[in-house]
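Keep in mind it's a predicted model, so treat the numbers as computed, not measured.
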Amino acid sequence: MLRPKALTQVLSQANTNGVQSTLCFSSVCFPCRPQEGRVAITQVANLLLCMYAKETVGFGMLKAKAEALVKYLEEPLTQVAAS
């Protein structure tokens, strides 16, 4: 089973090369004002994975990091959701 501390450590590993924040949550609400930077949002198990990066981070790099996290977390998070 995936422990919360382990999940936090895995998510924080993506915070390099301009990626400033990586989160998993069950719902999302963004402010109605423009934000500076780049955001990638994708689904992993029954959660949303959100990555926020500096404007200098390429969309390809942001997408690759998000896809790698989804691949790594899909099975353990699905098991947690099923229990």
Side-chain angles (χ1 to χ4, degrees):
M1 179 181 286
L2 188 64
R3 295 188 174 126
K5 185 175 181 179
L7 176 59
T8 300
Q9 290 172 343
V10 169
L11 294 177
S12 69
Q13 290 176 9
N15 296 342
T16 60
N17 299 325
V19 176
Q20 297 176 312
S21 180
T22 305
L23 311 163
C24 274
F25 44 88
S26 58
S27 63
V28 63
C29 178
F30 287 103
C32 294
R33 62 179 179 82
Q35 292 178 324
E36 304 223 358
R38 299 197 169 169
V39 176
I41 301 173
T42 189
Q43 184 174 353
V44 57
N46 64 339
L47 300 172
L48 294 175
L49 172 71
C50 177
M51 298 180 78
Y52 174 75
K54 295 179 180 179
E55 293 175 326
T56 57
V57 175
F59 284 116
M61 176 60 71
L62 199 56
K63 180 181 178 186
K65 285 182 177 236
E67 288 174 348
L69 281 172
V70 167
K71 183 177 179 180
Y72 185 81
L73 293 172
E74 185 72 33
E75 184 180 338
L77 288 177
T78 301
Q79 291 174 2
V80 170
S83 37

To the nearest 0.5 Å, atom CD of Gln20 lies from atom CG of Asn15 at 9.0 Å

What side-chain donor-acceptor pairs closer than 3.5 Å can you find for residues 47-57, not counting sequence neighbours?
from	atom 1	to	atom 2	distance (Å)
Tyr52	OH	Glu36	O	2.3

With no hydrogens and no angle check, is any side-chain donor or acceptor of Gln9 less than 3.5 Å from a backbone partner on Leu11?
-> no

Following the transitive rule for hydrophobic clusters with a side-chain heavy-atom cut-off under 4.5 Å over Ile, Leu, Val, Met, Phe, Trp and Tyr, establish whether Phe59 and Val19 coincide in one cluster.
-> no

Quick one: are Ser12 and Thr22 in side-chain contact, heavy atoms under 4.5 Å?
-> no

Of the non-hydrogen atoms in Lys65 and Thr16, which two are nearest, and what is the gap between them?
-> NZ-OG1, 2.6 Å

Take atom CD in Glu75; do more than 12 heavy atoms of anything else shown fall under 6.0 Å from it?
-> no

How long is the span from the NZ atom in Lys63 to the OG1 atom in Thr42, to the nearest 0.5 Å?
-> 9.5 Å

pair Leu7-Leu73: side-chain heavy atoms closer than 4.5 Å = yes

